[in-house]
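Below is one structure, written out as structure tokens, with a few remarks after it.
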Amino acid sequence: MAKDFPTRAENYAQWYQDLVIKADLAENSAVRGCMVIKPYGYAIWEKMQAVLDRKFKETGHSNAYFPLFIPKSFFSKEASHVEGFAKECAIVTHYRLKNAEDGNGVVVDPEAKLEEELIIRPTSETIIWNTYRGWIQSYRDLPILVNQWANVVRWEMRTRLFLRTAEFLWQEGHTAHATKEEAIEETKRMLDVYADFVENTMAVPVYKGVKTANERFAGALDTYCIEAMMQDGKALQAGTSHFLGQNFAKAFDVKFTGKDGKQDFVWATSWGVSTRLMGALVMAHSDDDGLVLPPKLAPIQVVIVPIHKNDEQLAAITVVANKIVDELKKLGISVKYDDRDTHKPGWKFSEYEFKGVPVRVAIGPRDLENGTVEVARRDTKEKSVMQLTDLTLKISHLLDHIQDNLYKKALTFREENTHHADSYDEFKKKIEQGGFVMAHWDGTTETELKIKEETKATIRCIPLNAKKEKGKCIFSGNDSEQRVIFAQAY
RNA sequence: CGGGGUGUAGCGUAGUCCGGUUAUCGCGCAUGGUUUGGGACCAUGAGGUCGCAGGUUCGAAUCCUGCCACCCCGACCA
């Protein structure tokens, strides 16, 4: 495995890029801006999907699937929605190719122009609300709680593996409700689901908050979000949940008759997380020696490496190793016994370290004599010799400890890099140093944009559950009710 | 989409300014042997449309034109 990639301190962006590629998570494809997610990376995504999908179902949602293509006319029905996405849409204009007349390959058949062009979905609100119109007549049809796992396309100028690609994978939940209160409740419920997932499964602490008007989703009344801090101090939006009000119901004429016999427009929410979470995962935990994966998402949680001088020793080690494998599997732990003779143990150690496998077990001749194994953990690099007695239980606990430790480490890092600022000078200085800066803001878009222009920092969110604290806006000096989170962001 | 940079074997590179036999070196790969508690060693070998397409020239990795891809910085965004 390559050692020739920069440390985080030397070049954070390059470190990330190299790590994603060299750890076999993903690579650039022949299509500009699009990535190939490789098996090891996809395995992590599948684990994320499995946990999230279970949580969605536990909160009453069902999966469905809507088309990749959206008629262009649907898009223009919700004004702010079009405005938000118009500049980054891929459009299908034709439906047939023909052989080129000069015999060189194929060309678009001009005869096969579509009457109405199709947009490749950048998100599915429009096609879904157009569909919901047919599903909803009465309050008895509500709520509709649907999620879809899908790919979407946003034609980005500048892309980075996982963090921003032209095509990405995600899930989008789209719900319909009879009342405003119920829709807002749903919006917040799903925000909590995301926060719980990112903190407990990904081991990444987040702030829950509301976006400012400026950062709001195109077509939403309120956008709730979770914001995480990466190791370079920048913020990364890890998930969003939108309260859409009646905007899409009005745009697509989706009404229902209430118990009182009166008609009203339906209330909506949408919420999503994407393969961007993969980027967050890498940037939150990994180090200069490679990936560090939280046990709950690691495709391989435990790897066993035999150390032997000859076939007899290997055979004896294999007996012990297989027993450990069986016991770990019974505990639901994914384990790999790597008895390949094509690589030396040292090579394997480095390889699995680079791939972020949380726990490594090495078994050699000395261990056979003593009834022990050597256990190494990836997060701290600590090694210890353990007795075979109760080994699998100890490993199981160790995995839990690693999961906890990663979260605590990330939390400590975030706390150490979160500062308060009470004047604009102090603010600029602290933003320069990186990290989050909690500061008072007067609530206007003008102030927000000016601060962004001068410092590159944006308001990541107005945190929920933060203590109210009167103060003066660092920029304008006007009154403010609470501090908001400023940071440079991905 | 604007500014800058890079493109030579799977990866990293020398050579490019100043054109000249068979394109350099390391890693990796294959085969054989010795090895195996932190990326082993020796020997032999395979692997190249020098990003692509034109052009200049007796001759192009090298000079010229156009294009493509990727990286960094900006604008835009999850």
Side-chain angles (χ1 to χ4, degrees), chain A residues 1-6 11-18 21-22 27-35 83-89 104 122-123 152-172 194 211 214-218 223 225-228 235-242 270-280 289-290 305-311 313-314 317 339-354 360-370 372-374 376 381 383 385 452-453 456 458 460 489-490:
Chain A
M1 183 51 60
K3 285 178 282 192
D4 54 343
F5 77 110
N11 187 342
Y12 193 82
Q14 193 66 45
W15 165 81
Y16 172 78
Q17 187 82 14
D18 287 3
I21 291 171
K22 288 177 176 156
E27 63 187 33
N28 285 304
S29 72
V31 184
R32 179 204 194 97
C34 295
M35 64 179 165
E83 205 181 307
F85 288 106
K87 282 175 283 185
E88 50 186 26
C89 286
N104 272 331
T123 180
V152 286
V153 169
R154 297 182 188 175
W155 212 260
E156 298 290 347
M157 298 294 180
R158 197 175 144 194
T159 58
R160 304 180 75 178
L161 291 170
F162 289 119
L163 299 174
R164 176 160 294 108
T165 46
E167 179 192 17
F168 57 92
L169 305 183
W170 77 345
Q171 57 70 216
E172 45 181 328
Y194 287 155
K211 285 293 187 190
N214 182 49
E215 299 272 333
R216 201 176 279 155
F217 174 74
T223 288
C225 64
I226 48 174
E227 295 283 333
L236 186 136
Q237 178 177 303
T240 50
S241 183
H242 314 290
S270 69
W271 28 274
V273 294
S274 71
T275 37
R276 189 178 223 210
L277 289 176
M278 294 287 294
D289 295 315
V305 178
I307 296 157
H308 60 283
K309 287 194 164 59
N310 53 52
D311 287 349
Q313 281 182 351
L314 178 60
I317 290 166
D339 62 351
R340 287 179 298 172
D341 203 27
T342 50
H343 296 283
K344 291 184 60 176
W347 190 94
K348 293 177 187 173
F349 291 178
S350 298
E351 171 82 1
Y352 292 112
E353 224 160 70
F354 196 80
R360 179 187 74 230
V361 175
I363 310 173
R366 277 207 303 275
D367 293 308
L368 287 185
E369 284 173 27
N370 302 335
T372 58
V373 297
E374 181 197 79
K381 300 277 187 66
K383 288 192 272 198
V385 175
K452 182 181 178 184
E453 202 181 308
K456 290 180 191 166
T458 50
R460 300 321 304 152
Y490 277 98

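Numbered from 1 within each chain, the chains take letters A, B, ... in sequence-line order. If you're wondering where the values come from, they're calculated on a predicted model, not measured in any experiment.
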Whole-Å distance, A:Lys456 NZ to B:C76 P, equals 13 Å
Comparing A:Glu215 with A:Gln17, nearest RNA chain B nucleotide closer to 5' gives the residue A:Gln17
- Task: Look at the side chain of A:Lys383 and the base of B:G37, then say whether one donor and one acceptor between them are separated by less than 3.5 Å.
- Result: no
From CZ of A:Arg460 across to P of B:C77 the rounded distance in Å is 12 Å
For nucleotides 29-36 of chain B, 5' to 3', base contacts (B), sugar-phosphate-only contacts (S) and non-contacts (-) with protein non-hydrogen atoms under 4.0 Å give -------B
ask   = B:C71 phosphate, OP1 or OP2: any side-chain N/O from A:Gln14 under 4.0 angstrom?
value = no
Among B:A78, B:C70, B:G39, the one nearest any side-chain atom of A:Arg32 is B:C70
- Which part of the nucleic acid, if any, lies within reach of A:Ala13 when heavy atoms closer than 4.0 Å are counted: base, sugar-phosphate only, or nothing? sugar-phosphate
* Report which part of the nucleic acid A:Leu236 touches: base, sugar-phosphate, or nothing (heavy-atom distance under 4.0 Å, all strands). => nothing
With rounding to whole Å, what would you report as the distance between B:U49 and B:U8 at their C1' atoms? 12 Å
Contacts of A:Asp367 and A:Lys452 projected onto RNA chain B by closest heavy atom; the upstream (5') one is A:Asp367
Picking from B:C72, B:G38, B:G37, the nucleotide nearest the side-chain atoms of A:Arg158 would be B:C72
From CH2 of A:Trp155 across to P of B:A78 the rounded distance in Å is 18 Å
query: In this structure, are over 12 heavy atoms from other groups packed under 6.0 Å from A:Arg340 atom CZ?
result: yes
From CH2 of A:Trp170 across to P of B:A78 the rounded distance in Å is 10 Å
Categorize A:Arg360 for me: base, sugar-phosphate, or nothing, with a 4.0 angstrom heavy-atom threshold over every strand shown.
base
Per atom distances to the A:Ser350 side chain, the nearest of B:G37, B:G39, B:C71 is B:G39
### Query
When you check the phosphate oxygens OP1 and OP2 of B:C77, does a side-chain N or O of A:Arg164 lie under 4.0 Å from one of them?
no
Note, RNA chain B 5' to 3' with Watson-Crick or G-U pairs under 3.5 Å encoded as ( ), [ ], | and . gives ((((((((.[[[..)....(....]]].((((((.....)))))).....[[[[[..)....]]]]])))))))....
In A:His242, A:Lys211, A:Arg216, the residue satisfying side chain to side chain donor-acceptor pair (under 3.5 Å) with A:Thr223 is A:His242
Rounded to whole Å, CD of A:Glu156 lies from P of B:C77 at a distance of 9 Å
Closest to the side chain of A:Arg366, out of B:C71, B:G38, B:G37, is B:G37
Open item on the list: Counting the atoms with a prime plus P, OP1 and OP2 as sugar-phosphate, which does A:Gln237 contact under 4.0 Å by heavy atoms, base, sugar-phosphate, or nothing?
Closed with: sugar-phosphate
note: A:Asn214, atom CG; B:A78, atom P; distance rounded to Å ~ 10 Å
Rounded to whole Å, the CZ-P distance (A:Arg216 to B:C77) equals 15 Å
When rounded to whole Å, the CZ to P distance for the pair A:Arg160 and B:C77 reads 17 Å
Classify A:Phe217 by what it touches in the nucleic acid, base, sugar-phosphate, or nothing, heavy-atom distance under 4.0 Å. nothing
